[in-house]
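See structure below.
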Amino acid sequence: MKAYILSLFFTLTVAFSFLISNNSVSTSEEPKLEENNHPNIVFVLADQWRAQEIGYAGNDQIITPNLDKLASESLIFENAVTTMAVCAPWRASFLTGQYPLTHGVFYNDKPLPNEALTLAEIYKEAGYATGYIGKWHLNGHARGADPFSARDQPVPKDRRQGFDYWKVREVTHNYNNSFYFDENDEKHTWEGYDVFPQTDSAISFISKNKEKPFVLMLSYGPPHDPYFSAPKEYQELYDAGTLKLRPNVPEEYQDSARRVLAGYYAHATAIDKAIGDLLAGIDKAGIADNTIFVFTSEHGDMLMSRGVVKKQRPWDEAIKVPMLLRYPDKFGTRSKRVLDPIGTPDLLPTLLGLSEIPIPESIEGKDFSANLLAGKDLENEATLIMLPVPFHEWQFKNGGREYRGIRTRRYTYVTDLLGPWLLYDNEKDPYQLTNLVNQAEYKGLQKEMEAILKRKLKATHDQFLPADEYMTQWNYLYDRSDSLRAENYLEINR
């Protein structure tokens, strides 16, 4: 970094001297800095938006025109996989480029350590302005405090991980007239449906910072449940009775599933409208070509597939998310599909690579920028999925279990503490209805998948221990009844 600063200073000095010698500026004026060609970053994160529920992915019953248009100009990641399909762990892995057992946030509402080196700190060191708007969910609570006690409190300045512009709520699932805190811990209200005023703040930030490089993260709460709180005009777009369901929704849950899906779609379409406004704001600022725009989600939602809702589970409805990346200066504005899997820790190093910023040694994810810039696929055989500690809605008593697994282009393979658990051929069986694990004719495939998983675990120093071991290592307490196990809990639902 020092060498870079000295080089920049020398370049500016020479340029300034040249201008003086040609009488272009008077000696009493301040020299103008060279235009910084580093790209801006606008990273838009939805919460609990699964990969299957979007127009460009082939869904003809959801209304997402702005995202569909964005997809026509973007890299489309067909196998964007959340390494740990739950909120806070995804956020910590994205911001640090590390796996959950490294940064320690493998359980919601546990604090990301101040010592963590994060996206905003890295980009700020490179001269970027930094901003964060929306849901944070990384401050956590004090040991022994009520699990949700910090969700309504301001995030202290030293816990903002390098973000300066700040309009943030730690966590809320009330998306109407919700409150937030600014840089000075002053409390304000997002009037109406919070997606829209949050987007307005993002557009304002972009307009004010368009002359210098910036990184902005806009983190929406929906379409995370509650499913029925989108504005009425968006709810009226969907008739639950006519919606088609995935074939893996059990018959007894189908009426409920259609109602849930209609509300979920209403949230999604409202977000789509906001993203259209945001993209228009970027165009108006005149910075679209030199802006890396990313849209993705933390994790998916089962939405009654297999008879359950929400996440943590290893099935595609929970682990696969939509992801678009538009960067016209480097990729043009033609759509290209990326088929190889990419995991959560890989996102930060890939963004850094595209930004031509050195990647710190603390980052564990892979930088795929060179492949993308060369027009290649990622050449990544698999990405890791995991649940070191099940908790909350999928706690031990509800069938939750520790697992590790991999998702390749084609296959899903998962083991729990008893051994091989799931094996799917997602090409032939896209709804994961037939578990091939331990079937004689797939013995070779299972052995191959097991070998890949073992390599992944070794590379990430993951010993795959029981949950209690990690809770003890990090001095964590289980929330409420999360530590309680049903008798023979590992054999539930096998």
Is the closest side-chain heavy-atom distance between [X] and [Y] below 4.5 Å?
X: His173; Y: Pro226; result: yes
X: Phe106; Y: Tyr470; result: yes
X: Asp301; Y: Val309; result: yes
X: Tyr264; Y: Glu53; result: yes
X: Thr460; Y: Leu384; result: yes
X: Leu465; Y: Gln473; result: yes
X: Leu372; Y: Leu75; result: yes
X: Arg326; Y: Ile292; result: no

Heavy atoms of other groups near [X] [atom1], more than 12 under 6.0 Å:
X: Arg143; atom1: CZ; result: yes
X: Asn177; atom1: CG; result: yes
X: Tyr253; atom1: OH; result: no
X: Gln463; atom1: CD; result: no

Determine, for [X] against [Y], whether the closest basic-nitrogen to carboxylate-oxygen distance falls under 4.0 angstrom.
X: Asp152; Y: Arg169; result: yes
X: Lys167; Y: Asp194; result: no
X: Lys456; Y: Asp462; result: no
X: Arg337; Y: Glu78; result: yes
X: Asp60; Y: Lys244; result: yes
X: Glu298; Y: Arg91; result: yes

Indicate the atoms forming the closest heavy-atom contact of [X] with [Y], along with that distance.
X: Gly300; Y: Val321; result: N-CG1, 4.0 Å
X: Ser369; Y: Gly353; result: OG-CA, 3.4 Å
X: Thr96; Y: Ile363; result: O-CG1, 3.5 Å
X: Ile342; Y: Met323; result: CG2-CE, 4.0 Å
X: Arg313; Y: Ala318; result: O-CB, 3.4 Å
X: Pro388; Y: Met84; result: CD-SD, 3.8 Å

Inset, instruction - Output, in order, the C-alpha distance, side-chain angles, deciding distance and verdict of salt bridge (charged side-chain N to carboxylate O under 4.0 Å, His left out) for Asp109 and Arg151. - result: CA-CA 8 Å; Asp109 299 285; Arg151 292 189 171 192; 2.8 Å; yes

Legend entry - Parallel, tilted or perpendicular: ring planes of Trp166 versus Tyr132, cut at 30 and 60 degrees: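 Ring orientation of Trp166 relative to Tyr132: tilted.
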
Treating [X] as the side-chain partner and [Y] as the backbone partner, does any N or O pair qualify as donor plus acceptor under 3.5 Å?
X: Tyr107; Y: Asp479; result: yes
X: Asn108; Y: Ala88; result: yes
X: Thr189; Y: Glu191; result: no
X: Gln98; Y: Phe94; result: no
X: Asp346; Y: Gly343; result: yes
X: Tyr238; Y: Ile63; result: yes
X: Gln198; Y: Ile133; result: no
X: Asp416; Y: Gly419; result: yes
X: Asn371; Y: Asp377; result: yes
X: Thr383; Y: Val81; result: no

Is the distance between the ring centroids of [X] and [Y] less than 6.0 Å?
X: Phe179; Y: Trp190; answer: no
X: His224; Y: Tyr175; answer: no
X: Phe148; Y: His392; answer: yes
X: Phe295; Y: Phe43; answer: no

Less than 3.5 Å apart, any donor N or O on the side chain of [X] or [Y] sitting next to an acceptor on the other?
X: Asp340; Y: Asn380; answer: no
X: Tyr265; Y: Asn59; answer: yes
X: Tyr220; Y: Trp49; answer: no
X: Asp225; Y: Gln48; answer: yes
X: Ser219; Y: Asp47; answer: no
X: Asn248; Y: Glu317; answer: yes
X: Ser178; Y: Asn174; answer: no
X: Thr172; Y: Tyr180; answer: no

Inset, instruction - Just do the side chain to side chain donor-acceptor pair (under 3.5 Å) check on Thr408 and Tyr413 with the steps written out, would you? - result: CA-CA 9 Å; Thr408 76; Tyr413 176 67; over 6 Å; no

Aromatic [Y] / basic [X] pairing, under 6.0 angstrom, 45° off normal:
X: Lys110; Y: Tyr476; result: yes
X: Arg259; Y: Phe228; result: yes
X: Lys273; Y: Phe196; result: yes
X: Lys366; Y: Phe368; result: no
X: Arg401; Y: Trp421; result: yes
X: Arg485; Y: Phe396; result: yes

Inset, instruction - Apply the salt bridge (charged side-chain N to carboxylate O under 4.0 Å, His left out) test between Glu381 and each candidate in Arg455, Arg410, Arg409, Arg407; give the one that qualifies. - result: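 Single salt bridge (charged side-chain N to carboxylate O under 4.0 Å, His left out) partner of Glu381 among Arg455, Arg410, Arg409, Arg407: Arg455.
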
Inset, instruction - Decide salt bridge (charged side-chain N to carboxylate O under 4.0 Å, His left out) for Arg480 and Asp146; before the verdict, give the C-alpha distance in whole Å, the side-chain angles of both, and the deciding distance to 0.1 Å. - result: CA-CA 9 Å; Arg480 298 172 182 165; Asp146 181 83; 3.1 Å; yes

Inset, instruction - Mind checking the CD-CE spacing from Glu393 to Met302? Nearest 0.5 Å is all I need. - result: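 Those atoms lie 11.5 Å apart.
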
Inset, instruction - For side-chain contact (heavy atoms from CB on, under 4.5 Å), just list the numbers for Leu354 and Phe331, CA-CA rounded to whole Å, side-chain angles, deciding distance to a tenth of an Å, and then say yes or no. - result: CA-CA 11 Å; Leu354 293 174; Phe331 300 118; 3.8 Å; yes

Inset, instruction - Would you sort out whether Asn139 and Glu170 count as a side chain to side chain donor-acceptor pair (under 3.5 Å), showing the intermediate values? - result: CA-CA 7 Å; Asn139 191 38; Glu170 171 69 1; 5.0 Å; no

